[in-house]
Amino acid sequence: MATEIECYRCGESLVALTLPLSRRDECPACSAHLHVCRMCEFYDPAAVAQCLEDDAEEVKEKERVNFCEWFKIRPGAFDPQRARKAEQAKAGLAALFGEAENPEAGDDDQLREAEDLFR
């Protein structure tokens, strides 16, 4: 039995997509681009330039769509622990900065204060 392919970002099954992936394919659940280094068999965070393919051109942003000719989809790209850490970080930032109940009102107040400086 083949290992199921999942989105690297959210873990959604990609069984409905036709392989090989197109450069334009996106995750049906989170809309993340899928032709990215993090979805590639050659991706390895511990390797030089995070890629095991010596002939591949370096891609700086591993979660951005790219034109790499060596791309080969990797089963197991989803890391639940990484996703959990990302959610915890987002929750921490939300708690630190709080959710503005009416952000537009604050923007109006700041605009009014700036305009008052020039009157």
Side-chain angles (χ1 to χ4, degrees):
M1 184 172 148
T3 305
E4 186 169 327
I5 306 296
E6 300 172 324
C7 173
Y8 75 94
R9 185 183 289 166
C10 71
E12 179 74 15
S13 172
L14 303 176
V15 71
L17 296 178
T18 304
L19 296 180
L21 288 177
S22 156
R23 183 176 178 273
R24 295 181 186 204
D25 280 336
E26 294 181 354
C27 173
C30 70
S31 299
H33 289 285
L34 298 174
H35 195 285
V36 298
C37 294
R38 297 262 338 248
M39 284 291 297
C40 182
E41 181 178 292
F42 297 111
Y43 175 75
D44 181 356
V48 174
Q50 299 179 332
C51 186
L52 297 174
E53 176 52 57
D54 293 332
D55 293 331
E57 290 185 33
E58 184 175 359
V59 175
K60 298 283 185 195
E61 296 182 48
K62 306 301 182 194
E63 295 183 8
R64 303 267 326 239
V65 67
N66 61 59
F67 288 100
C68 183
E69 296 176 20
W70 297 99
F71 179 82
K72 188 172 183 183
I73 191 119
R74 172 174 62 115
F78 178 66
D79 181 357
Q81 183 177 3
R82 182 179 183 276
R84 209 172 15 260
K85 286 181 181 179
E87 286 303 315
Q88 289 172 344
K90 287 178 187 176
L93 286 173
L96 179 64
F97 293 107
E99 295 293 328
E101 290 179 20
N102 189 2
E104 289 148 5
D107 290 344
D108 288 343
D109 292 341
Q110 292 173 352
L111 179 61
R112 218 179 346 262
E113 287 177 20
E115 289 174 345
D116 289 343
L117 288 172
F118 295 101
R119 289 188 185 151

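These numbers come from a predicted model, not from an experiment.
Contacts of Glu61 classified as salt bridge (Lys or Arg N to Asp or Glu O under 4.0 Å), with partners at least two apart in sequence or in another chain: Arg64. The salt bridge (Lys or Arg N to Asp or Glu O under 4.0 Å) check on Glu63 picks up Arg38, Arg82, with sequence neighbours excluded. Applying the side-chain contact (heavy atoms from CB on, under 4.5 Å) rule to Ala77 yields the partners Tyr8, Met39, Arg74; only residues at least two apart in sequence or on another chain are considered. Applying the side-chain contact (heavy atoms from CB on, under 4.5 Å) criterion to Glu87, with sequence neighbours excluded, gives Lys90.
Here the closest non-hydrogen pair linking Val36 and Asn66 is CA-ND2, 3.8 Å.
Distance check, rounded to the nearest 0.5 Å: SG of Cys10 to CZ of Phe78 gives 7.0 Å. Taking SG from Cys40 and CZ from Phe42, the interatomic distance works out to 6.0 Å, rounded to the nearest 0.5 Å. The CD atom of Glu6 sits 10.5 Å away from the SG atom of Cys27 when rounded to the nearest 0.5 Å. Atom CD of Glu26 is separated from atom CG of Leu17 by 10.5 Å, given to the nearest 0.5 angstrom. Atoms CG and CG, from Leu21 and Leu14 in turn, are 7.0 Å apart once rounded to the nearest 0.5 Å.
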If you look only at distance, which donor and acceptor atoms sit under 3.5 Å apart when one is on a side chain in residues 43-60 and the other is two or more places apart or in another chain?
from, atom 1, to, atom 2, distance (Å)
Asp44, OD1, Ala46, N, 3.0
Glu53, OE2, Asp55, N, 3.1

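With contacts defined as side-chain heavy-atom distances shorter than 4.5 Å, the pair Leu34/Cys7 qualifies.
Screening residues 12-40 for ring-ring contact (aromatic ring centres under 6.0 Å, His included), with sequence neighbours left out, gives His35-Phe71.
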